[in-house]
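Letters go in sequence order (proteins before strands), and every chain restarts at 1. Please read these numbers as outputs of a predicted model, since none were measured by experiment.
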Amino acid sequence: MIDINLLRADPEKVKNILKIKNYDLDSGLFAEIDSNRKTLQTDAEDLKSLKNKLSKEFGELKKNNQDTSELSNQLDEIKKNLLEKEELLNKTLSHLNDFLLDIPNIPHQDVEPGNSEEDNKVIKTFGDVQKNDSIDHLEITSDIDIESAVKLAGTRFAVLKDDIAKLHRALISFMLDVAEKNGYQERYVPFMANSRSLTGTGQLPKFEEDLFKATEDLFLIPTAEVPLTNLYADSILEQGNLPIKVTSHTPCFRSEAGSYGKDTKGLIRQHQFEKVEIVQVVHPDKSDSALEDLLSNAEEILQLLELPYQVVQLCGGDLGFSSAKTYDIEVWIPSQNKYREISSCSNFTDFQSRRSKIRLNEDGNKIFPHTLNGSALAVGRTLVAIIENFYDGKNAIHVPKTLQKYLNKEVITCK
RNA sequence: GGAGAGUUGGCUGAGUGGUCGAAAGCGCCUCCCUGCUAAGGAGGUAUACGGGUAACUGUAUCGAGGGUUCGAAUCCCUCACUCUCCGCCA
C-alpha cells in the first residue's frame, strides 16, 4: 500500500514514478473518489454528532417525564439521512481501498526503466560456466520420478528417490545452517495462510489466481515470506528489537496459472517446491544496506556450493508488484545453456508494513519499518543445478564439499 | 464433534441500557516534598481515522460482524479465538 498522503499531495509525481513499472495511475479518478469520500465522511460524522447530542437530550426529557415526540421525529429524520450517507460512504471507502490495493509499490530511485527481463542489468558473475551439450537432470538420474507424481497428483509434481531425496533434504539443512550463522532466527510456520496475511504481503487481492485455495479464506502459501512477514502484522516493534532477521524452510505452492507450456520438463517449475526464505524487518534508513546484506547471504550459499551464478538487478518493468528494488540471483543450468532464477531478493520499503500494519516505535512516533526478503535458496532449482553442474558425464554426480558432511557421501551414483 | 466457561485500556480487574472511552489498582511520564535510599503528595498517561495553518475539534473502537433501541461494554443473533471436561486422532 502506498502512502495515501503522497497521492494527495502530488498525484502527478506518483503517476510519473509508477510509469517505470508500467502502471498507469488514474490520478483523476483518485482525486474524484477521495473528494467524494471527504464530503461524505464529514457529512456522516456531522449527522452522527447531532444524533449523539439529541439522544442525550432525549434521555434528559424522558427522565423528567417530558414530551419526546418532537425530538423523536427529528431523530427519525436524521437516522434516515444517516443511513443513506453511510451507505454511500461505505461504497466510496471500499472503492478507495480497492483502488489503493491495486497500486504497486513505488520503485526505488536506483531502478532503471525497461520492459522485461531482457532489460535487467547483470551486476555480477561468479564461477566458470561449462558450455557443452549437457543432458538435463531427468536424463542424468532416474531418481527424479515424474511418472509416479503424475499418478499421485498430476503434472508439475515430482517424487524424489534415494540419494536424490537425501540430497534434497541435505540442502535444506545446509541452507538453514548458513542462515542461522548469518543471524537469522529459525521459525517453523503454518503452510497455509488467510486472506488477511496474503493481502498484507501483496499476493491478494490482485494475484489470487496464482494461489491454491484450500477452503474458504485459507490458501496454501506461495512462499514463506507470507507467514514470516505477517508474524509482525498488527504489532508495534521497538527500535531495540531491530533488525529482525528470521528464516524458515517451507514448501511453496503455486498454481502457475498462465505458464502453460513453460518449463514443462523437470524440476524447474513445480506446483510444490521447497524453499528456505530469509526475511528482515529494519528501520527505514537501513533498508538499502539491508538489501545488500540479504543478497550476500543468498549468494553465499551458491558460493559455498561452488555453483556458477550471476546477479541481475531488475528493471522497472520486471519488478514485482510489492517490490521497490529487486536483485535476482540466477544459477547456471548447463542443459539449458543459460542462467535461471534461483533467488529473488527484494526491498519492499514500507509497502508491506502499511498493508500488514507493522509499525515501529521511534521515540514515541509510530512509523512504518521496511521489510525485505529473499530466497536462500529455492531448493528444487538448487538440486537441479547441482545435478547438472557436477555430473561427470558418465554415471556420477560429485557432491560439493560443503554438502558432503550433510550427506555422508562424496559421490552420488546415477541410476 | 459434544458440553461448559470466558474475551474490557500496557497489565490486573470493576462495570447488566444514558451521568461510560470506561472505576480501582499496578506500571509509565511530569512536577512537588524529602534527599542516602525508601516512602509521601499533585497532575498526566489508549488507538485509528477525519476536519482545521493552528489552538482545537468530530467520529469510531470494551474479540469480529449484524440486530433491538431515541440511546448498547451492558439485551438478542451469527462467527472467531482461548480455557476446562468428554469423544476422536498423529
**Request:** Please confirm whether the backbone N or O of Arg156(A) pairs with a side-chain atom of Arg269(A), one donor and one acceptor, at under 3.5 Å?
**Result:** no

**Request:** Check for a donor-acceptor pair, side chain of Ser55(A) on one end and backbone N or O of Asn52(A) on the other, with a separation under 3.5 Å.
**Result:** no

**Message:** Using 0.5 Å steps for rounding, measure from the CZ atom of Phe219(A) to the NZ atom of Lys213(A).
**Reply:** 4.5 Å

Of the nucleotides [options], which one has an atom closest to the side chain of [X]?
| X | options | value |
| --- | --- | --- |
| Lys366(A) | A48(B), C70(B), G50(B) | A48(B) |
| Lys48(A) | G51(B), U59(B), C49(B) | U59(B) |
| Ser55(A) | G71(B), G50(B), A48(B) | G71(B) |
| Lys38(A) | G51(B), C70(B), U47(B) | G51(B) |

**Complete:** Between Ile144(A) and Ala158(A), the two heavy atoms sitting closest are CG2-CB, 4.5 Å

**Complete:** Correct closest heavy-atom pair for Ser343(A) and Ser375(A) would be OG-O, 2.6 Å

Base, sugar-phosphate, or nothing: which does [X] touch, judged by heavy atoms less than 4.0 Å apart?
| X | value |
| --- | --- |
| Lys63(A) | nothing |
| Leu75(A) | sugar-phosphate |
| Ser72(A) | nothing |
| Asn52(A) | sugar-phosphate |

Whole angstroms only, please: what is the [atom1]-[atom2] distance between [X] and [N]?
| X | N | atom1 | atom2 | result |
| --- | --- | --- | --- | --- |
| Asn65(A) | G18(B) | CG | C1' | 15 Å |
| Lys62(A) | C70(B) | NZ | P | 9 Å |
| Asp234(A) | A80(B) | CG | P | 20 Å |
| Leu61(A) | G18(B) | CG | C1' | 13 Å |
| Asp217(A) | A64(B) | CG | P | 17 Å |
| Lys357(A) | C49(B) | NZ | P | 9 Å |
| Ile236(A) | G10(B) | CD1 | C1' | 10 Å |
| Met1(A) | C49(B) | CE | P | 11 Å |

Could you give the distance separating [M] and [N] at their [atom1] atoms, to the nearest angstrom?
| N | M | atom1 | answer |
| --- | --- | --- | --- |
| G10(B) | A5(B) | C1' | 26 Å |
| A46(B) | U30(B) | P | 16 Å |
| U68(B) | U16(B) | P | 24 Å |

**Asked** Under the salt bridge (charged side-chain N to carboxylate O under 4.0 Å, His left out) criterion, do Asp234(A) and Arg359(A) qualify, and how do the steps go?
**Response** CA-CA 8 Å; Asp234(A) 286 317; Arg359(A) 278 159 304 160; 5.9 Å; no

Taking only the side-chain nitrogens and oxygens of [X], find out if one of them lies under 4.0 Å from OP1 or OP2 of [N].
| X | N | result |
| --- | --- | --- |
| Arg8(A) | G50(B) | yes |
| Ser49(A) | U59(B) | yes |
| Arg359(A) | A48(B) | yes |

**Request:** Among Asn347(A), Asp110(A), Asn105(A), find the one that has a side-chain hydrogen bond (donor to acceptor under 3.5 Å, both in side chains) with Lys325(A).
**Result:** Asp110(A)

**Item:** From CA spacing to verdict: side chain to side chain donor-acceptor pair (under 3.5 Å), Glu180(A), Thr247(A)
**Value:** CA-CA 8 Å; Glu180(A) 186 184 4; Thr247(A) 184; over 6 Å; no

**Request:** Taking the six-membered ring for Trp and the full ring for Phe, Tyr or His, determine whether the centres of Phe321(A) and Phe351(A) are under 6.0 Å apart.
**Result:** yes

**Complete:** With both pairing distances under 3.5 angstrom for Watson-Crick or G-U wobble, and | for a partner in another strand, the correct string for RNA chain B is ((((((((.[[[..)..(.....]]]((((((.......))))))((((((....)))))).[[[[[..)....]]]]])))))))....

**Item:** Residue whose nearest RNA chain B nucleotide is more 5′ - Gly59(A) or Asn5(A)
**Value:** Gly59(A)

**Prompt:** Between Arg37(A) and Phe58(A), which has a closest nucleotide on RNA chain B that is more 5'?
**Reply:** Arg37(A)

